Amino acid sequence: MSTLRLASTPAGPRRFALVPTAALFLGALYCLLPVAWVLVASTKSGSELFSTFTFLPGTGFRRNVADLSAYRDGVYWKWMANSAFYAGAGALLSTAVSAVSGYALAVYRFRGQESIFNILLAGVLMPPVILAVPQYLLLAEADLTDSYLSVLLPVILSPYGVYLARIYAASAVPDDVIEAGRMDGGSEWRIFRTIALPMMLPGLVTVFLFQFVAIWNNFLLPYIMLGDDEKFPVTLGLYTLLQQGSTTPALYTLVITGALLAIVPLIALFLVIQRFWSLDLLSGAVKS
């Protein structure tokens, strides 16, 4: 009897483990269901979109892509190129600024260091909608609105990126290594570039990925800053198409197809960066 009781005791924890598993499954379903809908809806023609079962694939995907590419002489691909420029250049510059700033806050000791860091933390908690209008007024004074720089400049400084870089630099760059570099006669810039930066690389890859996705999906800042639709990113361009769809229902299929194609670069970037991210983390573990 005691043996039977001992064998049956794990049943309680196993049942309890099903609760978080079910919660995670429901969360994944909630996140993936819209993506599945976009994937299926992009295959439907205009007549099939509103007349067939929601998750029944259609036959018009190639036609939708062709119509989207032909719309206004391919303005959609111009929007995609703009998004790639905003997100790529903005993420690179933001990562560089975050690396230098985070390293300085983690390694050096100076008056007001903690105050600066606390201000950065306040910036992390600040909603972007609060900053959009002041940024527009500042760039309007500099006569930079409705330009590529009006979208690029505000995203270069990322409080969250600086915060991540500071935390990672404090844990990944030992003080003894920096002191050894100074004793060998290395300048502060050379120590940062040749010693600290490779150690911080996995964390900076994370900063780059977060910034790229955030800028790619950014809607409010371009909506306020830009007036020329030739400079629109894909998010704002699809919004204008959606607005026109209220009077021209045929444009709905273009919006859905464009939304699907806009996800592809993010998925590809994540898969590529994840590979280098894993390699960097593995090499760091071997070196340590």
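Everything quoted here is computed from the prediction, not taken from an experiment.
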Original post:
For the residue pair S150 and T145, what are the closest heavy atoms and their distance?
Top reply: CB-CA, 4.0 Å

Subject >> Partner set under side-chain hydrogen bond (donor to acceptor under 3.5 Å, both in side chains) for D229, not counting sequence neighbours >> reply: R72

Original post:
How about F55 and L39: do any of their side-chain heavy atoms sit closer than 4.5 Å?
Top reply: no

Subject >> Nearest-0.5 Å distance, OH of residue Y71 to CG of residue D73 >> reply: 11.0 Å

Original post:
Would a distance-only check, ignoring hydrogens and angles, find a side-chain to backbone donor-acceptor pair under 3.5 Å from D146 to M225?
Top reply: no

Original post:
Going only through I, L, V, M, F, W and Y residues with side-chain contacts under 4.5 Å, is there a path from I119 to I116?
Top reply: no

Subject >> Full working for salt bridge (Lys or Arg N to Asp or Glu O under 4.0 Å) between E114 and R166 >> reply: CA-CA 12 Å; E114 291 302 320; R166 193 240 186 177; 3.5 Å; yes

Subject >> Those residues that, when tested against S147, pass side-chain hydrogen bond (donor to acceptor under 3.5 Å, both in side chains) (two or more places apart) >> reply: none

Sequence neighbours left out, cut at 3.5 Å: what donor-acceptor pairs do the side chains of residues 211-219 make with other protein atoms?
residue : atom : partner : partner atom : Å
Q211    : OE1  : S158    : OG           : 3.3
Q211    : NE2  : S94     : OG           : 3.1
Q211    : NE2  : V155    : O            : 3.3
W216    : NE1  : A262    : O            : 3.2
N217    : ND2  : V213    : O            : 3.2

Subject >> Same apolar cluster (I L V M F W Y, side chains within < 4.5 Å links), V264/L271 >> reply: no

Original post:
So, the side chain of R62 versus the backbone of T59: is there a donor-acceptor pair under 3.5 Å, distance only?
Top reply: no

**OP:** Report the C-alpha distance between L242 and L238 in whole Å, list the side-chain angles of each, state the deciding distance to 0.1 Å, and finish with yes or no for side chain to side chain contact (heavy atoms under 4.5 Å, CB included).
**Re:** CA-CA 6 Å; L242 184 62; L238 291 177; over 6 Å; no

**OP:** For the pair W79 and Y76, name the ring-plane relationship: parallel under 30°, tilted 30 to 60°, perpendicular over 60°.
**Re:** perpendicular

Original post:
Do you reckon F270 sits in the same ILVMFWY cluster as Y86, going by side-chain contacts under 4.5 Å, direct or chained?
Top reply: yes

Subject >> Closest approach of A99 to M200 (non-hydrogen atoms, all atoms of both residues) >> reply: O-CE, 3.8 Å

Original post:
Do other residues, nucleotides or ligands put more than 12 heavy atoms under 6.0 Å from R190 CZ?
Top reply: no

**OP:** Go through Y223 and L236 one step at a time and tell me if the side chain to side chain contact (heavy atoms under 4.5 Å, CB included) criterion holds.
**Re:** CA-CA 7 Å; Y223 180 75; L236 188 54; 3.6 Å; yes

Original post:
Just wondering, do P154 and L221 contact through their side chains at under 4.5 Å, heavy atoms?
Top reply: yes

Original post:
To the nearest 0.5 Å, what is the distance between CG (L204) and CG (L197)?
Top reply: 6.0 Å

Subject >> Contact summary for I195 and G181, nearest pair of heavy atoms >> reply: CD1-CA, 4.3 Å

**OP:** Measure the spacing between CG of N64 and CG of L49 and express it to the nearest 0.5 Å.
**Re:** 9.0 Å

**OP:** Report the C-alpha separation of F110 and L105 in whole Å, then their side-chain angles, then the decisive distance to 0.1 Å, and conclude whether the side chain to side chain contact (heavy atoms under 4.5 Å, CB included) test is met.
**Re:** CA-CA 9 Å; F110 52 90; L105 289 171; 3.9 Å; yes

Subject >> Main-chain N/O of V40 paired to T43 side chain as donor or acceptor, under 3.5 Å >> reply: yes

Original post:
Would you say V162 and V124 make side-chain contact, with heavy atoms under 4.5 Å?
Top reply: no

Would you be so kind as to tabulate the donor-acceptor pairs closer than 3.5 Å made by side chains of residues 25-37, with sequence neighbours excluded?
none

Original post:
Nearest heavy-atom pair of Q244 and L251: which atoms, and what distance?
Top reply: CB-CD1, 3.6 Å

**OP:** Work out which heavy atom in L226 is nearest to a heavy atom in P233; give both atom names and the distance.
**Re:** CD1-CD, 4.0 Å

**OP:** Go through the structure and list residues passing side chain to side chain contact (heavy atoms under 4.5 Å, CB included) with S171, not counting sequence neighbours.
**Re:** none

For residues 126-143, run the donor-acceptor check on the side chains, cut-off 3.5 Å, and write out each pair with its distance to 0.1 Å, sequence neighbours left out.
none

Subject >> hydrophobic_cluster_shared for W189 and I178, side chain cutoff 4.5 Å >> reply: yes

**OP:** May I ask you to test the L209-L269 pair for a side-chain heavy-atom distance under 4.5 Å?
**Re:** yes

Original post:
Can you name the nearest heavy-atom pair linking A169 to G102, along with the distance?
Top reply: CB-O, 4.2 Å

**OP:** Give, for atom NZ of K44 and atom CG of L56, the distance between the pair rounded to the nearest 0.5 Å.
**Re:** 6.0 Å

**OP:** Look up atom OG1 in T253 and atom CZ in F50, then write down how far apart they are to the nearest 0.5 Å.
**Re:** 8.5 Å

Original post:
Side chains of E188 and R182: closer than 4.5 Å at any heavy-atom pair?
Top reply: yes

Original post:
Any donor-acceptor pair under 3.5 Å linking the side chain of D184 with the backbone of G186?
Top reply: no

Subject >> Residue F232 excluded, over 12 heavy atoms near CZ under 6.0 Å >> reply: yes

Original post:
Does D175 CG have over 12 foreign heavy atoms under 6.0 Å away?
Top reply: no

Subject >> Check: M199 and P174 side chains under 4.5 Å, non-hydrogen atoms >> reply: yes

Original post:
To the nearest 0.5 Å, what is the distance between OH (Y103) and OH (Y168)?
Top reply: 15.0 Å

Original post:
Parallel, tilted or perpendicular: which fits the ring planes of F210 and Y160, with parallel below 30° and perpendicular above 60°?
Top reply: parallel

Original post:
Quick one: do Y108 and V97 end up in the same hydrophobic cluster if we chain Ile, Leu, Val, Met, Phe, Trp and Tyr together by side-chain heavy atoms under 4.5 Å apart?
Top reply: yes

